[in-house]
Amino acid sequence: MRDGRKSIFAATPESLADWFRARGQPSYRVQQVCEWLYARHVLSFEEMTNLPATLREALAEDYQVSPLREVERLCSADGRTVKLAFEIAGGARIESVLMRGGRRPTFCVSSQAGCAMGCRFCATGAAGLSRNLSMGEVIGQVVALACAAGEVGNIVMMGMGEPLVNLDAVLPALDAMADPARFGLGARRITLSTAGITPGIRRLATARVQPNLALSVNSPFDRQRTELMPINGRYPLAGVLEACRGYAQRSGRRMLLEYVLLGGVNTSQKAARALASMARRLHAMVNLIAYNPVTGCEYKTPEDSETRQFRATLEQAGVAVTQRFRRGRDIKAACGQLAGRPSAEH
Ligand code: SF4
C-alpha cells in the first residue's frame with residue numbers, strides 16, 4: 001500500500017463482487033476485472049477498456065493496482081534470467097527473478113523484505129529483516145513477472161524471506177495463485193521453500209492450497225546445521241522432518257530436500273550418506289545447488305569433483321537427485337544472492 005489505497009491484488013473475487021453489487025453493477029464485472037489483472041496482466045484501471053469510464057474511476061478511488069514500484073530490471077548475459085527490483089511502501093527493496101528455459105518460465109518470488117533467519121551463506125539473511133510482505137505485494141510480483149514473461153510461469157517462493165513466518169499473507173496469495181478465477185495454477189506448479197519452521201509446516205498441512213514443499217537442509221547434522229542456519233537451534237531437524245513427513249502424507253506431495261554445497265564444508269561422504277538416508281525415509285528428492293558467491297561470506301563454490309562425488313553417493317543409495325544450474329550469477333539473481341541492494345552496491 002503506497003498511498004493508503006488497498007491493492008486490488010489483495011481483493012478476493014467475493015469482496016469484488018460485494019464492491020460491484022454495492023454500486024448496482026452486474027456480477028460479470030468481477031470476471032472482467034479478474035481477466036484484466038490475472039490473464040492480461042494490466043497494471044492500470046484505464047487499460048480495462050470494457051469497463052465504463054466512471055467505474056474505472058471509482059475503482060481507482062478505492063484501489064491501486066500494484067503496490068510495487070519497479071526500480072530496476074537486470075537481464076543476464078544469456079538473456080534467460082531477468083531480475084526485477086521493486087520499492088515497497090516504507091522504502092524497502094525486494095527482488096523477484098524470472099528464469100526462462102524448459103517448457104514454462106519459472107518465477108522466483110519473495111515473501112519478505114529481507115529475512116530474519118540469518119543463514120550464513122545467504123545475502124538476504126545477512127541484510128536482516130525489514131518487514132513482511134502483504135498478500136498484494138506477493139501477487140504484485142507474480143503479475144509483474146507474468147508481464148515480463150508474457151505468460152504465467154511456475155512459481156517458487158524461494159526469493160527473499162522465509163514464507164512460513166508470513167503465512168497470513170502467503171496463504172491468501174497461494175489461494176489467489178490456485179483460484180481458477182484468478183491465476184488458476186495447479187498446486188503442483190507452486191513450490192514453497194522453507195528453512196524448517198516446524199509450526200509453519202504443520203499449519204501449511206491444513207491449508208486449502210498445498211504446494212510442493214522444499215526443505216532447505218544444507219547439513220544432515222544438527223550441530224553443523226545450527227552453525228549454517230541458526231533457526232535449527234530453535235527447530236532441530238528431528239521435529240522439522242516429522243512435520244515434513246506429516247505434510248507429505250496429508251498433501252500427497254513428494255518432499256524436495258534442497259542442499260547448497262559449500263566447498264569443503266558440507267560435502268563429505270558422511271554427509272552425503274546421512275542426507276541419502278534422510279531422503280529415503282521421507283521418500284524425498286534431493287536438489288543440489290552449488291554455492292553462489294555472496295559478498296562478505298567466506299564460503300567457496302565446491303570443486304566439480306566434490307559435487308560429482310556427493311551426487312554419486314546419493315544416487316548409489318537410490319535417491320532421485322536434480323541439480324540446479326548456476327543461472328543468473330552475473331546479475332546476482334542466483335540462489336542465495338538476492339540482497340535487495342541496487343546493482344551498483346553488490
Ligand atoms: S536462505 Fe532463505 S531462510 Fe535463510 S536467510 Fe536466506 S532467505 Fe532467509
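I94 and L129 fall into different hydrophobic clusters, where Ile, Leu, Val, Met, Phe, Trp and Tyr side chains are chained together by heavy-atom contacts under 4.5 Å. Placement of L171 and L133 within a single hydrophobic cluster is found when ILVMFWY residues are connected by side-chain heavy-atom separations under 4.5 Å, directly or transitively. Side-chain heavy atoms closer than 4.5 Å link hydrophobic residues (I, L, V, M, F, W, Y) into clusters, and following such links, possibly through other members, connects L275 to M255. No path of Ile, Leu, Val, Met, Phe, Trp and Tyr side chains, each step under 4.5 Å between heavy atoms, connects L256 with V209, placing them in separate hydrophobic clusters. I201 and L282 fall within a single hydrophobic cluster, where Ile, Leu, Val, Met, Phe, Trp and Tyr side chains are chained together by heavy-atom contacts under 4.5 Å.
Between the side chain of N212 and the backbone N or O of R188, at least one donor-acceptor pair lies under 3.5 Å. Under a 3.5 Å cut-off, the side chain of R131 and the backbone N or O of Q112 do not form any donor-acceptor pair. When atom types are taken as modelled, the side chain of E303 and the backbone of S305 share no donor-acceptor pair closer than 3.5 angstrom. No donor-acceptor pair under 3.5 Å is formed between the side chain of S7 and the backbone N or O of G136. In terms of modelled atom types and a separation under 3.5 Å, the side chain of R280 and the main chain of V319 share no donor-acceptor contact. Judged purely by atom type and a 3.5 angstrom limit, N166 uses its side chain to pair as donor or acceptor with the backbone of S111. Without hydrogens or angle criteria, N218 side chain to V260 main chain gives a donor-acceptor distance under 3.5 Å. A donor-acceptor pair under 3.5 Å links the side-chain atoms of R56 to the main chain of L51, judged by distance alone. A donor-acceptor pair under 3.5 Å is formed between the side chain of E137 and the backbone N or O of S134. Listed for the Q141 side chain is a donor-acceptor partner under 3.5 Å among the backbone atoms of S110.
When all heavy atoms of L213 and L204 are compared, the pair lying nearest together is CD1-CD2, 4.1 Å. Nearest heavy atom pair, residue G196 against residue V240, reads O-CG2, 3.6 Å. Considering every non-hydrogen atom in both V30 and P13, the closest pair reads CG1-O, 3.8 Å. What you find for F121 and L228 is that their closest heavy atoms are CE2-O, 4.0 Å. Smallest separation of non-hydrogen atoms from L55 and F20: CD2-CE2, 3.8 Å. The two residues L192 and P211 come nearest to each other via the heavy atoms CB-CG, 4.1 Å.
Taking the side chain as every heavy atom from C-beta outward, Y299 and R120 approach each other to under 4.5 Å. At a threshold of 4.5 Å between non-hydrogen side-chain atoms, the residues I197 and R234 do not count as touching. In this structure, the side chains of S216 and M229 come closer than 4.5 Å at one or more pairs of heavy atoms. Side-chain contact between F45 and Y63 is present, with heavy atoms from C-beta onward closer than 4.5 Å. Looking only at side-chain heavy atoms (C-beta outward), N287 and L257 stay at 4.5 Å or farther from each other. The closest side-chain heavy-atom distance from L84 to L145 is below 4.5 Å. At least one side-chain heavy atom of L237 sits less than 4.5 Å from a side-chain heavy atom of M278. Side-chain contact between M177 and V138 is present, with heavy atoms from C-beta onward closer than 4.5 Å.
Between the side chains of R311 and T307, no donor-acceptor pair is found at a separation under 3.5 Å. For the residue pair T54/E57, the side-chain donor-acceptor check at 3.5 Å is not satisfied. No side-chain donor from either of S251 and Q210 sits under 3.5 Å from a side-chain acceptor of the other.
Note that NZ of K270 is 7.0 Å distant from OG of S268, once rounded to the nearest 0.5 Å. Residue E306 holds its CD atom at 10.5 Å from CD of Q269, rounded to the nearest 0.5 Å.
The pair R225-D222 does not count as a salt bridge, with every side-chain nitrogen at least 4.0 angstrom from each carboxylate oxygen. At a threshold of 4.0 Å, the pair D18-R23 does not count as salt-bridged, since none of the basic side-chain nitrogens sits closer than that to a carboxylate oxygen. Ion pair D179/R208 not flagged as a salt bridge, since none of the NZ, NE, NH1 or NH2 atoms sits closer than 4.0 Å to an Asp/Glu carboxylate oxygen.
If you look at Y38 and F183, their ring centroids are closer than 6.0 Å.
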Does the pair E72 and R93 meet the rule for a salt bridge (charged side-chain N to carboxylate O under 4.0 Å, His left out), with working shown?
CA-CA 10 Å; E72 194 172 26; R93 216 176 123 111; 2.6 Å; yes
Any chance you could lay out the salt bridge (charged side-chain N to carboxylate O under 4.0 Å, His left out) test for E35 and R40, step after step, and finish with the verdict?
CA-CA 6 Å; E35 175 150 350; R40 302 200 199 185; 3.8 Å; yes
As a quick check of understanding, evaluate side chain to side chain contact (heavy atoms under 4.5 Å, CB included) for N266 and F221, giving each step before the final call.
CA-CA 10 Å; N266 62 355; F221 309 121; over 6 Å; no
Assess whether side chain to side chain contact (heavy atoms under 4.5 Å, CB included) is satisfied between K300 and L262, documenting all intermediate values.
CA-CA 6 Å; K300 315 193 293 272; L262 305 166; over 6 Å; no
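Taking a 6.0 Å sphere around CD of Q31, one finds it holds 12 or fewer heavy atoms contributed by other residues, nucleotides or ligands.
For R308, the salt bridge (Lys or Arg N to Asp or Glu O under 4.0 Å) criterion is met by no residue, not counting sequence neighbours.
Applying the ring-ring contact (aromatic ring centres under 6.0 Å, His included) rule to pairs touching residues 246-275 yields Y259-F310, sequence neighbours excluded.
The only member of I8, V143, L43, I139 that meets side-chain contact (heavy atoms from CB on, under 4.5 Å) when paired with S66 is L43.
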